[in-house]
Amino acid sequence: MEMTTIQDSTASRYQHQKAVDQAQQTSPEQQSTVAREAEVNSSSALQAYKQQGSERSAATDTVQIKSTVTLKNLDTVKAIEQMHAKLNDLVKGVRQTNEELNRAVDQVSQMQGNLMAIVKNYPPYPIDSMQRKELLMSYMSLRKEIESLMVPPPPPPVYEKIKSMWSAMFAQNGQLQASAVPPLENGSSDKQVQTTSDVLGRTIQQLSDLSTDVTQALVQP
């Protein structure tokens with residue numbers, strides 16, 4: 001019995017040692033295989049990461065390029081908007097000038113109409129005629145109104161082109177020159193009335209020409 005037990009123990013130790021030896025012999029190969037697989041897997045992961053990074057970089061570059069284009073387009077639109085704003089301001093200024101010039105022409109025309117009613121009346125009004133005095137009083141009243149009228153000059157780009165003509169008609173404050181609308185009194189003679197009417201006719205023509213020149217200076221380069 002003892003001999004049998006010793007043999008069984010010896011056989012068990014032998015099998016255990018053999019198993020250990022086999023494990024030691026196969027372990028390096030298995031380790032090598034695992035290492036290669038790990039290396040392959042690591043390389044694939046690295047390539048995938050690099051590819052993903054390249055795609056992100058390309059996408060970022062594309063966005064930056066598109067952003068540059070849209071910003072350039074935005075700047076262009078803003079420049080056009082500013083150009084139109086300046087043009088609108090210029091047109092508005094010229095319109096205001098023409099509106100007041102037209103108002104001046106209307107008043108001077110009324111003044112001339114009153115004088116023409118005296119000049120063309122036949123037989124002529126006596127100097128002390130009430131109708132004649134009323135017409136002259138109306139003339140003087142209109143003259144006071146036009147003396148207070150201030151016509152704004154057109155904006156600088158246009159004004160520079162008509163400066164000499166403008167200064168011949170208007171003072172620096174925009175009032176019509178006194179010589180353009182001569183004064184009269186209730187006792188003014190028919191000759192004075194006729195002379196003043198002729199002056200007013202020339203004033204109307206000059207104001208009309210000035211309005212035309214202002215408008216042409218706006219529309220022509």
Side-chain angles (χ1 to χ4, degrees), residues 82-221:
Q82 291 175 355
M83 179 181 66
H84 279 285
K86 290 180 180 179
L87 181 59
N88 287 337
D89 290 341
L90 183 62
V91 172
K92 182 179 179 181
V94 171
R95 176 178 58 79
Q96 291 175 342
T97 298
N98 273 325
E99 286 176 349
E100 294 304 317
L101 285 174
N102 181 69
R103 182 180 173 187
V105 168
D106 282 346
Q107 285 190 298
V108 175
S109 296
Q110 291 181 44
M111 294 168 68
Q112 187 185 36
N114 288 336
L115 299 185
M116 292 297 294
I118 296 174
V119 172
K120 291 186 175 183
N121 187 69
Y122 189 82
Y125 286 114
I127 293 294
D128 58 351
S129 168
M130 182 59 65
Q131 293 89 338
R132 189 176 188 277
K133 288 182 178 180
E134 288 178 353
L135 289 170
L136 287 173
M137 289 178 63
S138 177
Y139 173 89
M140 290 183 285
S141 176
L142 289 172
R143 187 173 184 275
K144 288 182 178 180
E145 288 183 16
I146 204 167
E147 283 180 340
S148 62
L149 178 65
M150 294 185 182
V151 180
V158 173
Y159 177 75
E160 293 301 322
K161 299 178 181 179
I162 51 89
K163 185 192 307 185
S164 59
M165 190 174 183
W166 184 270
S167 59
M169 294 297 300
F170 293 96
Q172 291 184 350
N173 61 359
Q175 288 182 327
L176 196 63
Q177 297 285 5
S179 58
V181 283
L184 287 174
E185 299 176 355
N186 286 338
S188 295
S189 66
D190 289 345
K191 183 177 181 179
Q192 290 175 317
V193 170
Q194 179 66 64
T195 300
T196 300
S197 177
D198 293 341
V199 172
L200 295 182
R202 290 192 294 270
T203 298
I204 293 170
Q205 185 61 53
Q206 288 173 331
L207 290 173
S208 299
D209 292 343
L210 181 57
S211 175
T212 298
D213 288 349
V214 167
T215 303
Q216 289 181 347
L218 172 65
V219 300
Q220 295 178 354

Q: Charged N to carboxylate O under 4.0 angstrom, E99 versus R103?
A: no

Q: Working to the nearest 0.5 angstrom, can you tell me the gap between S197 OG and R202 CZ?
A: 10.0 Å

Q: Restricting to pairs with a member in residues 82-111, which pass ring-ring contact (aromatic ring centres under 6.0 Å, His included), not counting sequence neighbours?
A: none

Q: Check the side chains of E147 and Q175 for a donor-acceptor pair under 3.5 angstrom, ignoring hydrogens and angles.
A: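 No, E147 and Q175 have no side-chain donor paired with an acceptor closer than 3.5 Å.
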
Q: Mind checking the CG-CD spacing from L115 to Q110? Nearest 0.5 Å is all I need.
A: 12.0 Å

Q: If you draw a 6.0 Å radius around CD in Q177, do more than 12 non-hydrogen atoms from other residues or ligands fall strictly inside?
A: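 Yes, CD of Q177 has more than 12 neighbouring heavy atoms, counting only those of other groups under 6.0 Å.
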
Q: Is it true that atom CE of M83 has more than 12 heavy atoms of other residues, nucleotides or ligands lying nearer than 6.0 Å?
A: yes

Q: Hey, does Y159 have a side-chain heavy atom less than 4.5 Å from the side chain of V94?
A: no

Q: Rounded to the nearest 0.5 Å, how far does NZ of K144 lie from CD of Q107?
A: 14.0 Å

Q: Identify the heavy atoms of P182 and L200 that sit nearest to each other, and give their distance.
A: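 The answer is CD-CD2, 4.3 Å.
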
Q: Check S129 against Y125 and note the closest heavy-atom contact, atom names and distance.
A: OG-CD2, 3.5 Å

Q: Kindly state each residue pair satisfying salt bridge (charged side-chain N to carboxylate O under 4.0 Å, His left out) with at least one member in residues 127-142, sequence neighbours excluded.
A: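 Salt bridge (charged side-chain N to carboxylate O under 4.0 Å, His left out) check on residues 127-142 returns R132-D190.
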
Q: Is the number of heavy atoms from other residues, nucleotides or ligands under 6.0 Å of E160 CD greater than 12?
A: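 Yes - once you tally the heavy atoms of other residues, nucleotides and ligands closer than 6.0 Å, there are more than 12.
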
Q: Can you tell me how far CG of N186 sits from OH of Y139, rounded to the nearest 0.5 angstrom?
A: 13.0 Å

Q: Would you find a donor on one side and an acceptor on the other, under 3.5 Å apart, between the side chain of T97 and the backbone of P152?
A: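 Here the side-chain-to-backbone pair exists.
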
Q: Measure the spacing between CG of D209 and CE of M165 and express it to the nearest 0.5 Å.
A: 5.0 Å

Q: Is there a donor-acceptor contact under 3.5 Å from the side chain of Q192 to the main chain of S189?
A: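 Yes; at least one donor-acceptor contact below 3.5 Å.
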
Q: Looking only at the side chains, is there a donor atom on one of S211 and N102 sitting less than 3.5 Å from an acceptor on the other?
A: no

Q: Write down the atom of L207, the atom of A104, and the distance for their closest heavy-atom approach.
A: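 Heavy atoms of L207 and A104 come nearest at CD1-CB, 4.0 Å.
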
Q: If you look at every heavy atom in P155 and L90, which pair is closest and at what distance?
A: CB-CD1, 3.5 Å

Q: Quick check for you: to the nearest 0.5 Å, what is the distance between L176 atom CG and S148 atom OG?
A: 11.0 Å

Q: Is it true that a side-chain atom of T195 and a backbone atom of K191 form a donor plus acceptor pair closer than 3.5 Å?
A: yes

